[in-house]
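Everything on this sheet refers to the single structure shown next.
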Amino acid sequence: MKRPLSRLVLGFVLLSGLVVAQNELTSASLYGRSMYGRCSYNDACQISIATISNVSLTVEPTVDGVITIDEDEVNVITNSSAGYTMTLESSSATENSLEGVVDELTAVSGTPASPSVLTGNEWGYRIDDFSGFGAGPTSAVTNQPSSSLTFAGMPLLGSAATIKTTSSSATLGDTTYVWYGARADFGVAPDTYTQTVLYTVVAL
């Protein structure tokens, strides 16, 4: 018999900031964070970050489990000639699972250097061609029986993972595709499961 639909939803809060050459702390918007930084030749340096939307992963579990994968597009604009670094982490220092009312989907145990396939009721992120993730290509799938793609677990707040480092300006914008995957079987109750991920970019 078919079970009711479980919706697994990832919600994101955007962090952005203004970096100035004199290492001054500059106020940011309500959902922002200011950064310290230094620009080449002491010129004023600006950096901004934006994502397309919340990422929503809809999963209809089966006895053996199914996987749903979708992307977030993170766009950075900066005039820093030295480039920038981007990190991500959970908004919580103690919890990196997808949380429901009763159950949770735990973060996969893999890391960017040594990612893992999703098993059981797990979730994670991956970036094609970065660290140990492999080339992919990753594409969006819904309720796929299995996947050989590997994922990393979301680091806790305060232990952010660096997911990109560049060495040149991005005045026209530079997009990073962050893929999120969730796997669920009948071991979790139908519910909406959420987690908030913080992206941070700093000009070099």
Side-chain angles (χ1 to χ4, degrees), residues 7-19 26-37 45-59 67-80 83-93 95-99 105 107-108 111-112 115 118 123-131 133 136-142 149-166 168-182 192-204:
R7 295 196 67 247
L8 311 181
V9 180
L10 290 161
F12 294 96
V13 172
L14 174 65
L15 290 186
S16 61
L18 176 67
V19 186
T26 305
S27 61
S29 61
L30 178 63
Y31 292 105
R33 173 185 292 170
S34 296
M35 303 296 169
Y36 288 94
C45 180
Q46 295 184 344
I47 187 165
S48 65
I49 178 173
T51 65
I52 51 174
S53 65
N54 288 347
V55 177
S56 180
L57 303 175
T58 301
V59 181
I67 294 173
T68 292
I69 300 170
D70 208 350
E71 69 174 357
D72 194 14
E73 297 181 12
V74 187
N75 187 262
V76 174
I77 298 175
T78 182
N79 61 353
S80 171
Y84 68 90
T85 61
M86 180 190 301
T87 63
L88 89 173
E89 60 194 319
S90 169
S91 63
S92 170
E95 188 57 70
N96 63 352
S97 298
L98 282 177
E99 291 291 309
L105 273 74
V108 67
T111 64
L118 298 177
W123 80 289
Y125 75 92
R126 67 171 279 114
I127 302 165
D128 289 350
D129 296 309
F130 177 76
S131 193
F133 289 116
T138 304
S139 58
V141 298
T142 301
L149 293 172
T150 53
F151 293 80
M154 185 60 55
L156 296 171
L157 182 66
S159 302
T162 298
I163 60 172
K164 190 165 191 175
T165 301
T166 69
S168 60
S169 62
T171 55
L172 299 180
D174 180 38
T175 300
T176 300
Y177 299 92
V178 184
W179 293 90
Y180 293 92
T192 296
Y193 296 78
T194 60
Q195 172 60 255
T196 301
V197 173
L198 306 181
Y199 299 102
T200 304
V201 292
V202 178
L204 300 175

Rounded to the nearest 0.5 Å, how far apart are [atom1] of [X] and [atom2] of [Y]?
X: Asp128; Y: Phe133; atom1: CG; atom2: CZ; answer: 9.5 Å
X: Thr138; Y: Tyr177; atom1: OG1; atom2: OH; answer: 13.0 Å
X: Ser91; Y: Leu198; atom1: OG; atom2: CG; answer: 5.5 Å
X: Trp123; Y: Asn96; atom1: CH2; atom2: CG; answer: 7.5 Å
X: Thr166; Y: Leu204; atom1: OG1; atom2: CG; answer: 6.5 Å
X: Ser169; Y: Ile77; atom1: OG; atom2: CD1; answer: 11.5 Å

Hey, are the side chains of [X] and [Y] touching, using non-hydrogen atoms and a 4.5 Å cut-off?
X: Phe151; Y: Ile69; result: yes
X: Trp179; Y: Pro137; result: no
X: Val76; Y: Ile47; result: yes
X: Asp72; Y: Tyr199; result: yes
X: Ser97; Y: Tyr193; result: no

Nearest heavy-atom neighbours spanning [X] and [Y]:
X: Pro155; Y: Tyr125; result: CD-CE2, 4.2 Å
X: Gly153; Y: Ala107; result: CA-CB, 4.1 Å
X: Ser80; Y: Ala203; result: CB-CB, 3.9 Å

Any side-chain donor paired with an acceptor under 3.5 Å for Gln195 and Ser90?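 Side-chain D/A pair, Gln195 to Ser90: present.
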Taking only residues two or more places apart in sequence, or in another chain, which ones meet Asp174 in a salt bridge (charged side-chain N to carboxylate O under 4.0 Å, His left out)?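 If we apply the salt bridge (charged side-chain N to carboxylate O under 4.0 Å, His left out) test to Asp174, skipping adjacent residues, the hits are Lys164.
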If only atom types and distance count, is the side chain of Gln46 paired as donor or acceptor with the main-chain N or O of Asn79 below 3.5 Å?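 Such a contact is absent between Gln46 side chain and Asn79 backbone.
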So which of Ile163, Thr165, Val202, Thr200 actually passes side-chain contact (heavy atoms from CB on, under 4.5 Å) with Met86?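 Considering Ile163, Thr165, Val202, Thr200, a side-chain contact (heavy atoms from CB on, under 4.5 Å) with Met86 is found only for Ile163.
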Among residues at least two apart in sequence or on other chains, which ones pass side-chain hydrogen bond (donor to acceptor under 3.5 Å, both in side chains) with Thr175?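 Thr175 satisfies side-chain hydrogen bond (donor to acceptor under 3.5 Å, both in side chains) with Asn75 only.
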